[in-house]
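Numbers restart at 1 for each chain; the letters A, B, ... are given by sequence-line order, proteins then strands. Computed over heavy atoms, backbone and side chain alike; hydrogens, waters and symmetry mates excluded.
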Amino acid sequence: MINKIVSSLILITGILGLFFVSCAPERREEATDLLTDTMIAEDMEMTDENVGEMISGVPNPVEMSVLLQRSDVVYSQDLLNPDGNINNYNTNFKRALNLGVYGTDLVYMNIYDRTVTTLSYLRNVQELADDLRIGQFFDYETLNRLSESSRNVDSVLYITNRGFDNMTRYLIDQGRSSIAVLIAYGTWIESLYIAANIRTMPPNKERIHQRIGEQKIVLDNILLLLNNYRNDPNFNDLFNDLMDLKEEFDKVSISYVYEEPETKVVDGNLVVVDKSRSEVNINQEIVDGIADQVNYIRNKIID
Amino acid sequence: MIKRLLYTMAITTLVGLFFSFEAKAQCGDELTDICHAELGDTRFIRDFPVQHSESDQSSSPRVTSYEVTLNAGTTYRILTCNDQTKPGKVIVSLYRGDQLIATNFDMDSGRFFPYVEYPVSASGRYRLTFTFKDGEEGCAVGILAAVED
């Protein structure tokens, strides 16, 4: 009798196990646009693998936020995309872009230890990720719990960044690299928007201006990525706006002096000694021009 | 007979599920977590998981590349961790254009460095490449982090 019960329990457990492994997550309401998962431009030259290689060249918003904080820039909630704007995003295009935007806002808030206000932004990131069918990479429960204490900022940033990286890799593996590109673009434009609109004094101001000027390097990459999907009118629109921004960045000059690097071993690890240097030539007028165009692009995205 | 068959199937399924999780535990997020714990006083920027099957004897070992943007004034640390259940040890190399800046493997001595540290003085686009020594099957993760001042 007992053997029968045990056998039945094991059988039921095995079947349930199969069920939980194989069943798909519940789907949220589908977006209204026709952004298909595989968007192939007629003359597309970049494969998903190419996109995967290049997309990691879009900077992580952590670096810009850390620079701002260390430059004594005062935190400003007003700069961030209002959390209520999520109700406006009913297309996959808008959702992907603003997933990137809110992701950067989340990083910014965490760098500045604004743990209380992160809750609604965490929810927004989760909701948008779920809508795009990539929510499984965002550990909302753990992040919510960790966000309660400022001692956990490093862990929060690690989990958030890794979540976004995993989303990107998954999208590219699934042939949905266009979504990955939109998320990366949203991340970048929000980071640039925040940097271009802060108020600070010299010499911190010059440091931030230098970093803004260096985004000229990234912009070329992003243009290449967007160009891949220009058959879609929305992508074409983004591309054209970014070309207008490029006109402002063309006023920035970056010069390089390269020298052969040397290496030395320190405590069993390799340390590079590189005497190469770069110099960014940018002034307030150029920054203002960049800021105007970035503001226009960013506000169009979040609206 | 049928009961015995169903019983065997259930056990096989449960065992299979268990071992599939175990196999994934090394290669993937868990490996990144283990590696992250080794970073020291740094700020995590990005991880680069790499998995290659054994290369054909007649062809060159497979290489996976990623672009990264590095900023002057920041010291970066590139740490690598290997899945110990596989034979391959990952070689990571950092390039600026075609110029090799650094690699974690010293060919002369056959020594692997746990990490490479690079105080950047020229902002720009760089490239990280990953390959497994002698084209062996491997799973690894490379982590890019910024060293805290």
Side-chain angles (χ1 to χ4, degrees), chain A residues 4 6-7 9-15 17-18 21 49 52-60 62-64 66-67 70 154 157-158 161-162 165-166 169 207 210-211 213-215 217-218 220-221 254 256-261 263 265-266 268-280, chain B residues 3-4 6-7 9-14 16-17 20 29 32-33 36 39 43-49 64-75 77 79 94 96-97 99-104 106 111 113-128 144 146 148-149:
Chain A
K4 273 191 184 176
V6 169
S7 300
L9 279 174
I10 289 169
L11 177 60
I12 291 167
T13 308
I15 293 169
L18 276 174
V21 165
E49 196 179 331
E53 284 183 18
M54 286 186 70
I55 210 166
S56 53
V58 179
N60 188 307
V62 164
E63 292 195 77
M64 184 69 88
V66 167
L67 174 68
R70 290 185 180 167
D154 284 346
L157 288 171
Y158 169 62
N161 285 333
R162 211 190 59 193
D165 284 349
N166 283 341
R169 281 190 282 269
R207 242 198 318 262
Q210 293 264 311
R211 186 60 63 85
E214 286 165 358
Q215 301 312 301
I217 304 162
V218 181
D220 288 337
N221 244 27
I254 305 179
Y256 294 94
V257 175
Y258 288 123
E259 290 190 34
E260 189 81 19
T263 54
V265 178
V266 177
N269 292 293
L270 195 72
V271 177
V272 180
V273 179
D274 192 7
K275 299 187 186 84
S276 300
R277 58 189 184 279
S278 60
E279 197 175 300
V280 180
Chain B
K3 277 186 187 172
R4 186 175 278 185
L6 288 171
Y7 177 78
M9 279 171 62
I11 292 290
T12 307
T13 304
L14 286 172
L17 281 173
S20 68
D29 279 354
T32 304
D33 287 343
H36 176 245
L39 269 178
R43 194 176 291 278
F44 175 89
I45 295 173
R46 194 158 255 146
D47 67 319
F48 302 93
T64 299
S65 294
Y66 294 99
E67 280 198 23
V68 287
T69 302
L70 303 182
N71 299 303
T74 302
T75 297
R77 185 174 290 176
L79 175 72
L94 178 70
R96 182 173 50 213
Q99 183 185 37
L100 175 66
I101 303 291
T103 178
N104 70 329
D106 183 340
R111 177 185 177 184
F113 299 105
Y115 66 73
V116 174
E117 204 159 277
Y118 179 33
V120 175
S121 51
S123 297
R125 275 210 295 263
Y126 292 74
R127 192 163 37 97
L128 282 171
L144 179 68
E148 300 280 46
D149 293 332

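Electrostatic pairing of A:R70 and B:E148 counts as a salt bridge here, judged by a charged N lying under 4.0 Å from a carboxylate O. Using a 4.0 Å cut-off between a side-chain N of Lys or Arg and a carboxylate O of Asp or Glu, A:R162 and B:D47 do not qualify as a salt bridge.
Counting heavy-atom neighbours within 6.0 Å of B:R125 CZ, excluding the residue itself, gives a total above 12. Atom CD of A:E49 sits in a sparse spot, with 12 or fewer heavy atoms from other residues, nucleotides or ligands closer than 6.0 Å.
With a threshold of 4.5 angstrom between heavy atoms, A:V265 approaches chain B through side-chain atoms but not through N, CA, C or O. With a 4.5 angstrom heavy-atom cutoff, A:V218 touches chain B only via side-chain atoms. Heavy atoms of B:L100 lying under 4.5 Å from chain A belong exclusively to its backbone. Using a 4.5 Å cut-off between heavy atoms, A:S56 touches chain B through backbone and side chain atoms alike. Only the side chain of B:R96 comes within less than 4.5 Å of a heavy atom in chain A; its backbone stays farther off. In this structure, no portion of B:R127 lies under 4.5 Å from any heavy atom of chain A. No part of B:N104 comes within reach of chain A, as not one of its non-hydrogen atoms sits under 4.5 angstrom from that chain.
Between A:N161 and B:R46, every side-chain heavy-atom pair lies at or beyond the 4.5 Å cut-off. Counting heavy atoms from C-beta outward, A:E260 and B:I101 have side chains that stay 4.5 Å or more apart. Between A:L157 and B:F44 there is no side-chain heavy-atom pair separated by less than 4.5 Å. Under the 4.5 Å side-chain criterion, counting only non-hydrogen atoms from C-beta, B:E67 is not in contact with A:E53. A:D274 has its side chain out of reach of B:V120: every pair of non-hydrogen atoms, C-beta onward, lies at least 4.5 Å apart.
When all heavy atoms of B:A122 and A:R277 are compared, the pair lying nearest together is CB-C, 3.8 Å. Across all non-hydrogen atoms, the minimal contact from B:V116 to A:V272 is CG1-CG2, 4.2 Å. The nearest pair of heavy atoms linking B:P114 to A:G268 is CD-O, 3.5 Å.
Most heavy-atom pairs under 4.5 Å with chain A: of the set B:P119, B:A102, B:G124, B:S65, this distinction falls to B:S65. Ranked by non-hydrogen atom pairs under 4.5 Å with chain A, the options B:H36, B:R77, B:Q99 are led by B:H36. Ranking A:L270, A:L67, A:I254, A:V280 against chain B, the residue ahead of the rest is A:L270, based on heavy-atom pairs under 4.5 Å. Counting heavy-atom pairs under 4.5 Å between each of B:F48, B:Y115, B:Y126 and chain A puts B:Y115 at the top.
Between the side chains of B:E117 and A:N269, not a single donor N or O lies within less than 3.5 Å of an accepting N or O. Side chains of B:S123 and A:R211: no donor on one and acceptor on the other come within 3.5 Å.
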Checking A:Y158 against B:D33 for the side chain to side chain contact (heavy atoms under 4.5 Å, CB included) test, could you report, in this order, the C-alpha distance in whole Å, the side-chain angles of both residues, the deciding distance, and whether it holds? CA-CA 10 Å; A:Y158 169 62; B:D33 287 343; 2.6 Å; yes
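With hydrogens and angles ignored, the 3.5 Å screen pairs no side-chain donor or acceptor of B:S121 with any backbone N or O of A:K275. No donor-acceptor distance shorter than 3.5 angstrom exists from the side chain of B:T69 to the backbone of A:V58, with no hydrogens or angles considered. Between the B:Y66 side chain and the A:G52 main chain, no donor and acceptor come within less than 3.5 Å of each other.
The structure places OG1 of B:T32 at 7.5 Å from CG of A:N166, a figure rounded to the nearest 0.5 Å. Interatomic distance, A:T263 OG1 to B:Y118 OH, rounded to the nearest 0.5 Å: 12.5 Å. Note that CG of B:N71 and CD of A:E63 are 5.0 Å apart. Values are rounded to the nearest 0.5 Å.
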